[in-house]
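Written out below as structure tokens is the structure these notes cover.
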Amino acid sequence: MALILLLPAVLYQLCAGQPGPPDSPGRIAVVGAGIGGSAVTYFLHQQFGPQVQIDVYEAERVGGRLATLTVNSQLYESGSPSIHSLNLHMQDFVKLLGLKHRREVPGRSAIFNGEQLVLEETDWYLLNLFRLWWHYGISFLRLQMWVEEVMEKFMRVYKYQAHEYAFSSIEGLLRSLGGEHFVNMTHKSVAESLQGIGVSQRFIDDVISAVLKASYGQSVSIPALVGAMSLAGAQGNMWAVEGGNKLVCSGLLKLTKSNVIHARVTAVSLHSTEKKHLYEVQYERDGTLGSDYYDLVIIAAPMHKATFQMSFLNFQPPLAELARSYHRVVTSIVHGYLNASYFGFTDPKLFPFASVFSTDSPEAIFHSLESLCPVNVSAGFRRKPPQEAGVWRVLSSRPLDRKELKTLFKSYYSVQVIEWQAFPNYSTVSPSKSLPPVLLHDGLYYLSGAEWAASSVEMIAVAAKNVALLAFNRWFELSEKIDQQDLMHRLKTEL
Ligand SMILES: Cc1cc2nc3c(=O)[nH]c(=O)nc-3n(C[C@H](O)[C@H](O)[C@H](O)COP(=O)(O)OP(=O)(O)OC[C@H]3O[C@@H](n4cnc5c(N)ncnc54)[C@H](O)[C@@H]3O)c2cc1C
Ligand SMILES: *[C@@H]1O[C@H](CO)[C@@H](O)[C@H](O)[C@H]1NC(C)=O
Ligand SMILES: *[C@@H]1O[C@H](CO)[C@@H](O)[C@H](O)[C@H]1NC(C)=O
Ligand SMILES: *[C@@H]1O[C@H](CO)[C@@H](O)[C@H](O)[C@H]1NC(C)=O
Ligand SMILES: *[C@@H]1O[C@H](CO)[C@@H](O)[C@H](O)[C@H]1NC(C)=O
């Protein structure tokens with residue numbers, strides 16, 4: 001019996017002449033090697049099998065906005081510092097690659113309004129709750145329930161994806177998770193949504209605005225969905241990868257044995273024959289031009305209005321304009337002595353905070369200021385007391401000038417500045433404008449548009465799996481696995 005069962009597989013291998021199903025795509029290109037590009041490479045490899053060659057084009061650094069820099073011969077996160085614990089894909093990657101969670105070093109936060117600290121976290125959780133309760137009453141509970149509800153619905157995506165369901169638009173994916181209400185949350189503001197459930201204006205101005213400013217450099221007018229995700233992060237449960245978050249990207253690319261090409265893609269052009277579409281990827285490497293042909297192309301680089309210069313050629317009708325406005329965030333990594341008196345502490349020894357967030361006031365010169373731990377935290381590690389020189393990360397909307405640095409720091413050894421096209425400029429969002437498309441052409445996909453629903457490592461990893469499943473399901477015409485809307489109900493009855 002076992003022999004008979006085995007036979008078709010053996011025959012199939014012999015007849016095909018080459019390993020793998022005969023009609024798999026031959027070659028796939030991925031543009032961008034941030035977490036989006038690396039994750040989609042891994043998921044494509046998983047779906048189509050190891051025989052499909054994947055070329056990954058990266059113009060700058062593997063990791064993208066997951067990045068590190070060196071201060072005093074130690075590495076620190078300079079891009080996205082932390083990952084939410086509900087991000088199941090990232091958790092899987094870390095396990096798969098044999099990486100570790102970085103040891104947590106506790107630290108307290110405070111909120112600063114430009115003149116004084118308006119809210120201070122204490123060591124004692126119950127006391128914190130009590131203070132929030134005292135200050136803001138029922139608003140705090142309402143907020144928690146709201147965030148939990150959003151996250152609970154969002155978590156459904158992992159189940160749908162485990163069953164290989166894919167969506168050809170971000171709206172479709174969101175609708176399947178939380179109905180039309182979820183889609184509306186991508187253009188209705190956080191402030192409006194929270195007012196709608198009875199959260200007080202004072203709580204929104206003092207607390208919510210500070211958290212959102214620190215997370216996205218933007219105000220409480222950003223959409224509710226991205227706001228809810230970032231507020232979920234503010235409740236704790238954040239983690240980071242020991243050795244640097246970007247190790248996940250390089251690890252996945254290595255694991256899949258994909259071919260990383262250090263080149264900037266300048267154009268994708270369509271070449272159609274009667275039988276199929278081929279996509280030519282044109283690129284520039286060290287001033288020389290090259291090109292190559294692919295069956296599938298995934299764009300995993302956000303299209304910035306200011307800097308993205310990739311063209312799409314020979315598409316009839318031409319592809320819609322994809323570039324949108326992004327919001328700049330400047331990271332300054334400062335090695336020096338904090339000026340505690342700026343925050344009202346004349347004795348620096350008494351300054352107890354590891355991070356300070358600014359409320360959304362025009363006087364605030366920074367969004368957030370945080371004492372950093374290196375990406376490798378040894379067992380005996382302790383945070384530097386504030387009277388000693390430490391490494392601080394300051395986020396701001398523009399580079400800090402010398403005077404501002406001299407206000408925040410008594411003195412410093414070094415300042416390293418990185419300007420990020422960090423997040424979508426959410427003030428360009430409107431109800432009449434849909435989210436960026438996922439499917440650009442038969443074999444051409446755009447992954448990074450998912451950031452317009454929520455800019456986070458979590459959202460991008462989910463979008464990466466969706467694109468890989470969509471490409472696979474479309475390639476093998478598994479239409480029953482695409483754009484299904486009643487999955488909640490169906491998966492319950494199927495299982
Ligand atoms: C300062 C900062 C703090 C953040 N904090 C958090 C946080 O706490 N939690 C969280 O979840 N998220 C956070 N984020 C957001 C998070 O970093 C991003 O959502 C995520 O890393 C995006 O990954 P990506 O792969 O889509 O894009 P990217 O990481 O931007 O990767 C795109 C890659 O494509 C490459 N590329 C671009 N154009 C081309 C081309 N023409 N040819 C070839 N390659 C090209 C780029 O060089 C880049 O490496 C933060 C971001 C910043 C900047
Ligand atoms: C979503 O928004 C539209 C208008 O933008 C509105 O008509 C509709 O009732 C909203 N639906 C839900 C469920 O919130
Ligand atoms: C930091 O951690 C990573 C991952 O665990 C490890 O590979 C690397 O060797 C460590 N580096 C140092 C300097 O300890
Ligand atoms: C974001 O968009 C708004 C509205 O279009 C615009 O006024 C603002 O200048 C943009 N910000 C950035 C940083 O591009
Ligand atoms: C520190 O902050 C105080 C209060 O804002 C300010 O007067 C002082 O000039 C700042 N700089 C130094 C070096 O103390």
Side-chain angles (χ1 to χ4, degrees), residues 29-40 56-67 73-75 77-84 87 90 97-102 115 214-217 229-230 233 238 240-247 249 251 261-268 281 283-285 299-304 307-310 326-331 337-346 348 367-368 374-378 393 395 403 405-411 418-424 447-451 454-461 463-464:
V30 172
V31 182
I35 187 60
S38 316
V40 80
V56 181
Y57 291 90
E58 173 51 57
E60 287 168 29
R61 293 170 315 264
V62 167
R65 276 171 278 170
L66 304 186
S73 70
Q74 295 256 39
L75 283 179
E77 295 286 354
S78 60
S80 173
S82 50
I83 299 158
H84 196 274
N87 187 344
M90 285 299 281
L97 298 170
L99 294 167
K100 282 188 293 213
H101 285 206
R102 190 167 90 197
E115 280 175 10
S215 309
Y216 295 108
M229 290 207 176
S230 110
M238 302 299 281
V241 180
E242 161 126 323
N245 294 327
K246 68 176 188 186
L247 292 183
C249 301
I261 300 166
H262 289 277
R264 179 174 295 278
V265 172
T266 54
V268 177
V281 169
Y283 58 86
E284 191 207 303
R285 173 162 45 184
I299 313 284
M303 307 217 195
H304 304 143
T307 56
F308 195 90
Q309 291 145 354
M310 188 190 296
Y326 272 66
H327 189 86
R328 176 174 76 166
V329 170
V330 180
T331 305
Y337 297 88
L338 189 74
N339 178 13
S341 40
Y342 184 67
F343 299 103
F345 288 78
T346 38
H367 301 328
S368 70
V375 297
N376 290 68
V377 177
S378 60
R393 186 185 59 174
L395 297 186
K403 193 165 148 265
L405 281 167
K406 285 280 182 195
T407 308
L408 286 176
F409 295 92
K410 280 197 282 203
S411 65
I418 307 134
E419 290 198 34
W420 297 102
Q421 290 288 327
F423 309 108
L447 194 161
S448 317
E451 259 192 293
S455 175
S456 70
V457 172
E458 173 165 7
M459 190 67 202
I460 289 297

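Whatever order the structure lists ligands and atoms in, that order sets their numbers, starting from 1.
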Sub-4.0 Å heavy-atom approach of [X] to ligand 1:
X    : result
Y283 : no
V329 : no
I460 : yes

**Report entry** Proximal protein residues to ligand 3, non-hydrogen atoms under 4.0 angstrom
**Finding:**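 Contacting ligand 3 under 4.0 Å are E242, G243, N376.
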Of all the atoms in ligand 5, which lie at a distance below 4.0 Å from a heavy atom belonging to [X]?
X    : answer
K406 : 11 (N), 13 (C)
N339 : 1 (C), 2 (O), 3 (C), 8 (C), 10 (C), 11 (N), 12 (C), 14 (O)
Y342 : 2 (O), 4 (C), 5 (O)

Query raised in the report: Nearest to atom 9 (N) of ligand 1 by heavy atom, P81, S456, S82: which?
Result: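 Nearest option to atom 9 (N) of ligand 1, by heavy atoms: S82.
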Query raised in the report: Out of G79, A422, A214, A59, whose heavy atom is nearest to atom 39 (C) of ligand 1?
Result: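 Selected option, by shortest heavy-atom distance: A59.
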Report task. Classify the ring geometry between Y216 and F423 as parallel (under 30°), tilted (30 to 60°) or perpendicular (over 60°). Result ->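 Y216 vs F423 ring planes: perpendicular.
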Query raised in the report: What part of V31, side chain from CB on, backbone N/CA/C/O, both or neither, has a heavy atom under 4.0 Å from ligand 1?
Result: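 It is the side chain that gets close, since no backbone atom is under 4.0 Å.
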Query raised in the report: So is there a nitrogen or oxygen of G37 less than 3.5 Å from a nitrogen or oxygen in ligand 1?
Result: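 N/O-N/O distance below 3.5 Å does not exist for this pair.
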